[in-house]
Every structure is written in C-alpha cells, then in structure tokens.
Amino acid sequence: MEEIGWFAILGRMAVQFWPAWAGMALVFALSIRFKRRLGLYGKLFDSGIGMVGFALVLFWLLVAIFAPQIATHDPLAQLSGMKNAVPGTPTGQETGYPYYLLGGDSLARDVFSRMVMGARDVLKIAPAAALIAYAVGICLGLPAGYIGGWRDDLLSFLANLVLAFPVILLFFLLVTPEIRATGIPNIMAALLFAIPLLLIGLMIQTRFVTQPGKKWRWLGIMGVLGLWAYAGLVFDADPLGVWRMPPNLLNVFIAVVFVNAPTVFRIVRGITMDIRNRDYVAAAQTRGESGAYIMLWEILPNARGPLIVDFCLRIGYTTILLGTLGFFGLGVSPESPDWGSTINQGRRLLTAYPHAALAPALALMSLVLGLNLLADGLREESLRD
Amino acid sequence: MLKFLIRRFAMIIVSALVLTFVVFALTNLQPNLEKLAKGQGSARMSDADVVSWLAGNGYDRPMLTRYGEWLGVLPGWTGQDSNGNPRGRCVDLATDKANAPRFCGVLQGEWGWSTRFKAPVAGIISDRLAATGKLMFWVMLVMVPSALILGVLAGMREGSRTDRALSTAAIASTSTPEYVMGVLLVALLASSQVGLSPLLKEWGLISTPVLFQGNARSAIEDATFWNFTLPVVTVALYGMGYIARMTRASMTEVMTQQYIRTARLKGVPFRQVVVKHALRNALIAPFTVIMLQFPWLLNGVVIVEVLFSYPGFGWTLVEAAGNNDIELLLACSVVAVVLVLVTQLISDLGYVWLNPRIRIS
C-alpha cells in the first residue's frame, strides 16, 4: 500500500468522526427548531459567533463521548516501523485500520487516536474542576460580599495571597509524587469537596424551611448521593467502585481547583456587593428571611448572567492550565494521551517531525477558542435584553 | 495618601512573609528533603545515610527554627564536618571562616546557596532577572502598542466589519496559550524541513536554513532579530488579545459619551475626534490592565523560556522546583510576589493619577 495524500487523510478523518457529525446535526436541528422555548440557550442560535463557539465545543464533547468508536488504534499500541511516521503512512498490518492518519509519534503510537482519546481526559477534568471551583467561590464569595466586615477582609486577603502566587510555582509545589506521599492533597480534597455538599445542603434547607417533609426527603436523597461520591473521590472508599479517582489525577484536580477558586470568589463577591442594595433584597429582609436564604435564593439567581459567561471562560482557562501541567510533565503518567503531555513529548522533535505536537496543539486551541467564542456569544445575547 | 502607601507596603511585606513560609513548609516536607539528600549525595543512599546527610547539613532541626535562620532573625546553625572543621549556615557562606557572622538571612542580605547551580542565590537571581528583563522589555515593546492600536481601531466604530474581525482575532489570540503558540510558530517558521523556511530557502529569500531560530540560548549574550523573534512574539500574542479587548471595551464606551457627540456635531473630522478627544480617556482602563498583566506575563515567560531554552528567571524557577532547591525557590517566590504586588500598587496609583475623578482617602 502507498502513503495517502492530505486530501485523502482529511476525507478519512471526516468519515472517522461520523458519530460527532451525527450528534451535532441532531442537536443543532432540535435546538434551532425549538429555540424560542429554550431561554438563553436558545438565543445563542441567533448569534453567529455563539453558534460557531457552541459547534466547536459540542464537536469536542461528542468526540470525547464517542472516543472509542472514533479512534482508529489503541492509543498505547506501538506498531513496528511506525516511529515518527508521516501522516497517512500505511501500517502494513493485516488487521485493524490500514493507516496512521496523522502519523506516528516518537514511540510509534498513532497520533490521531491519542488526540481523540486525549479529548476524553481533558473534558473529564476541566468542567468538573471549574464546577468545584465555582462551588467554593460561591460559598465564600456570597457571605463576603453580603455580610462584609472583617470576614470579608480576611477572605479577600487570603484570595489575594493565592492570586499573588505564580501559578506554575504553585503547580510545581503542589503536584509532585513527594506531596502525594504526605497526604496533603487528600486533606485539601476533603475540604474542597465538602464545600459543594454544604452548598447543596444549605440550598435545600433554606428553600424548604417551611415544608419539613419535603426538606428531609431532599436532604436524605442528596445526602446519600453526596456522601457516596465524597467517600469514593476523597478516600477512594466507594464500595461499588463508581466514584474513583487515581491519586495523581486527584492531585491535579485539587491544584486546578485551588488556583481557580480565588478568582471566582472575587467575581461572586463583586456581583454580590452590587446586588445586595437592590429593592428585592430589601423586600426579603423586611419579610424576615434568613441571610442564607437571601444569598442563595435572591442574590445568586440574579447573578447568574455574568457567572454563566465566566463559567465558559473558566472551563477554557482550566483546559489551558491542565495543558500547562502536562507540558511540564506534572501529575500525569507518561503514557497519558492528554494534550498537554503529548505536546510536551512532541516538542523534542518539533523541527523534524512537527505532526506529533501539532495535532494536540490545534485540538487544544480549537476547544479553548470554542469556549471563548461561546462565552462571547452568551455575553452578547444576555446583554441584549 | 501616605497612609494608603504605608498600608499597602505593610500588606506587601505580610504577603511575602506568609507566601515564603508556605513555600518553605512545602519544600521542607520530609519526602522533599529525602529527595534533596539523594540528589545531592547519591541516588542509592540508604535510609540511614539520608538521615545522617540531613543532620550533617543542618536539615534535621525544627522547620520554624530554620525559617527564622533563613529570614535572619535566628542565629544560623553550626556544626562540624567529618574532619572536625567548623561548618554551618553562616560559616559555609562566609569567606573568612573563623569570623563568620552569627546571623545570615535575608535581613542581612544573604540569600543563601543554590544546591542546583552550586553558587550563591543572589548572583543567580540577578543574572537571570536581567535576562528575563530583556525578554519582558521586548515583549512589552511589541505587545502594548499593537494591542492598543488593535483595540482603538476595533472600538472606534462599534459593530463595524473591522470591529468584528479584530475582536474575533483577539479572542483567537487569547485562546492560544504560549505552549501552543510556540509549537505552531516553531513548526511554521523555525523548521528546516516543514513550514515556510524550506520554501523561502528554495526561492533564495533567506541564506540561513531557517527563517527564525527555534532556540534562544544564544540570545543571552547577543539578542538578534533572528534568535529572539519567536520567544518575544509567542509571549506577546497571548497577552495582546486581552489588552486589545479591554481597550476596545473602553474605547466603545468613550465613543458614546456626550462630548464626542458634541465634537462630531461641531464638525470636527472623525480622525481628529478619535485622536484628540477620545484616545486620552479611552486609555485609562487599559493602563491598569497592562500593569496587571505583569504577573500573568510571568507565567508566559516561564513556559516560553523552557520551550526556547532561554536561561532566564522562569527557566531558573523550573530548574529550582524540579530539583527542590529550597533557597533558590524561596528567592524566586519573593521576587515573584513582590513583582505582583508592586505592579498592583503602581496600577492603583496610576489609575488615580490618570483619572482625577478618583481620590484615595
């Protein structure tokens, strides 16, 4: 068999991505059909930039979901003779996919399959880390902005302290096998993962404070689910084995949450200080509502616009941070197909065989670009009314 | 004003103390010290050897005591080596071993000894900072004017085609972190086999095998257009998008003000309205953003210096962190923290100076 040209490579890649195309077509058709009933999400389809951003994000999301179907080879399999193979080289094997579509890396693994499987690694951690960072930021930022006083001064000082730390130095100190041996990441995980549980509990408690039956039912359901996930993620003690995180991944996760939370805190605090003087907050105070109720059910829902926009940007930033960690070889195993460490391995032979580093680099760039465009579209549409 | 300054400086000192203590505590965890001992001694040291190495080099005493020694508020440790010669924190650093001072910490101007580079920390930091300063200077020189021009052009007429094109370009540049941008630029411009360089060579436009060099080590002595362009452009492009977007936002806001409309209605040409009336007020907000970019640039500088192997401050930080070089890391974090907080201060002061409507009470 002969090496195939760029035209054939692109065609074959397009065919390989068919589950992503099908999913995108379905989501777009349904969303555009019902866009008037879908609120802010539906309005996204009125803005060109927002749609492009959403398409890019949706593409990578679907690629991550269907990664095993899309990948042509095992991302860890090394085929003889394929070391640094140029894109479109035939594998020469009897079985399996006949080509390395984007070539082979320095260990003779398929670059295309690694890029596809890497999407899974990135999209598993980045949104979850951004979510936890948001829970922490909201849980601390709301009281700081609403109550103020010395608590606000203390929390703001701590947030500024973390922000004054160079991110990369923090990563080098927090994400090492030596730190894992001391158990510090587990302690931090225990603290940071407890905050979302606390937040959900408080939200249920304040919402149904007048309906004890409903309150205890919801608290019970959330409590069981929450503690199950908590035990699995923090202590690796889930009896069913659904919630599990390898120690190095937990370490990476905690470091990324730790870096993001202070910024979220500052945003939430700023918005809260702005909203707390509104009339509806004064009305709730006159009604005699508790401080927690006002913060969680009066202020927070009215702050959602800027928070949703920033959430998209934050997932993008988290993706960049994860890439940075991979780039410095921190916290990830050498075989891991995540984009940061693939770029790091590929850059050694960059001038001779750029394809091994270019594929993940372009993938990372397009995902972050999609998230930023999506945020921009959401901002424009939410400002319109 | 004076009270404000005193409070801010006190804040800087407290932050630096807390952060150096955190760095000190994390680098002095038992597993990290064992790693240091094995790195300095030999990789195959037994546990007993490790313990005796740590004791012999003064690492076996309580952490708070050693932090005090590093600060210079407690006397440095003393001891003897296997031949009975006096040893100790201050003795090792002093040229006159017999009359070594008792205190030798940061307060006395002693930054300690780098175990990675086998040299005094102060000398390493000042050399590397000079190298990074050179990089930062060129980055600023490229980034700030081009970002401001882009932002002003985009914000001049909001919603126009130029605006939309430039805004999208700005978003694209903020979505491309340095390690991606660096890889793209090297593959495109600095490879003798792919990208533009082989084409240009074939057409006879360049005499060297590559258009730009992908390794900036030689730029330490002699920075040229050839070896310094790629690192500078890589850092500049990532930061540029953000400043351009802030400038655009500020410019569009100014362009809707009453006095701009008045000037337009008086018949002043559009170009003159932009240059004379709008620009001054539109550039106040970007100034703060540019100052606050410094800490962010620091991250970019670390990545770029590693990527292009340019031995500056960021490269040193990575080397120190990778080898658990405690005193060098502490010095690096002091420099970084002070840089961050001082630029915040300058940004606040500059904002007041540029915008007379704001007063610091």
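Lettering follows sequence order; numbering is per chain, from 1.
The shortest side-chain heavy-atom distance between Leu329(B) and Leu173(A) falls under the 4.5 Å cut-off. At least one side-chain heavy atom of Thr20(B) sits less than 4.5 Å from a side-chain heavy atom of Val334(B).
Only the side chain of Thr168(B) has a heavy atom closer than 4.5 Å to any heavy atom of chain A. Heavy atoms of Leu307(B) lying under 4.5 Å from chain A belong to its backbone as well as its side chain. Neither the backbone nor the side chain of Tyr353(A) has a heavy atom closer than 4.5 Å to any heavy atom of chain B. For Val18(B), the part lying under 4.5 angstrom from a heavy atom of chain A is the side chain only. For Ile303(B), the parts lying near chain A are the backbone and the side chain together; criterion is any non-hydrogen pair under 4.5 Å. Both the backbone and the side chain of Leu373(A) come within less than 4.5 Å of a heavy atom in chain B. Using a 4.5 Å cut-off between heavy atoms, Leu369(A) touches chain B through backbone and side chain atoms alike. The contact between Ile171(B) and chain A is made by backbone and side chain atoms together, counting heavy-atom distances below 4.5 Å. For Ile49(A), the part lying under 4.5 angstrom from a heavy atom of chain B is the side chain only. Within the 4.5 angstrom heavy-atom criterion, only side-chain atoms of Asp376(A), from C-beta onward, approach chain B. Residue contact with chain A, scored on non-hydrogen atoms closer than 4.5 Å, involves the side chain of Leu29(B) exclusively.
Within a 6.0 Å radius of CZ in Phe9(B), no more than 12 heavy atoms belonging to other residues, nucleotides or ligands are found. Other residues, nucleotides and ligands contribute more than 12 heavy atoms inside 6.0 Å of the CZ atom of Phe24(B).
Arg114(A) places a side-chain N or O within donor-acceptor distance of the main-chain N or O of Ser336(A), the cut-off being under 3.5 Å.
Each of Leu362(A), Thr182(A), Thr324(A) has some count of heavy-atom pairs under 4.5 Å with chain B, and the biggest count is that of Thr324(A). Counting heavy-atom pairs closer than 4.5 Å to chain B, the top-ranked of the candidates Ile179(A), Leu174(A), Leu364(A) is Leu364(A). In terms of non-hydrogen atom pairs under 4.5 Å with chain A, the most contact-rich of Thr27(B), Val318(B), Val186(B), Leu298(B) is Val318(B). Comparing Val22(B), Val306(B), Thr174(B), Val337(B) by how many heavy-atom pairs each has under 4.5 Å with chain A, the most go to Val306(B). With respect to chain B, the highest number of heavy-atom pairs below 4.5 Å among Arg347(A), Glu178(A), Met365(A) belongs to Glu178(A). Residue with the most contacts toward chain A among Leu26(B), Asn324(B), Thr176(B), Asn299(B): Asn299(B) (heavy-atom pairs, distance under 4.5 Å).
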Exercise. Show your reasoning for whether salt bridge (Lys or Arg N to Asp or Glu O under 4.0 Å) applies to Arg8(B) and Asp348(B).
Key: CA-CA 11 Å; Arg8(B) 289 298 288 268; Asp348(B) 287 357; 2.7 Å; yes

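Of the N and O atoms on the side chains of Asp325(B) and Thr115(B), at least one donor lies less than 3.5 Å from an acceptor on the other residue. In summary, the side chains of Asn260(A) and Thr318(A) do present a donor paired with an acceptor at a separation below 3.5 Å, with no hydrogens or angles considered. Side-chain N/O atoms of Arg128(B) and Thr316(B) include a donor and acceptor closer than 3.5 Å.
Ring-centre distance between Phe328(A) and Phe172(A): below the 6.0 Å cut-off. For an aromatic pair to be called close, the ring centres must be under 6.0 Å apart, and Phe21(B) with Tyr67(B) satisfies this.
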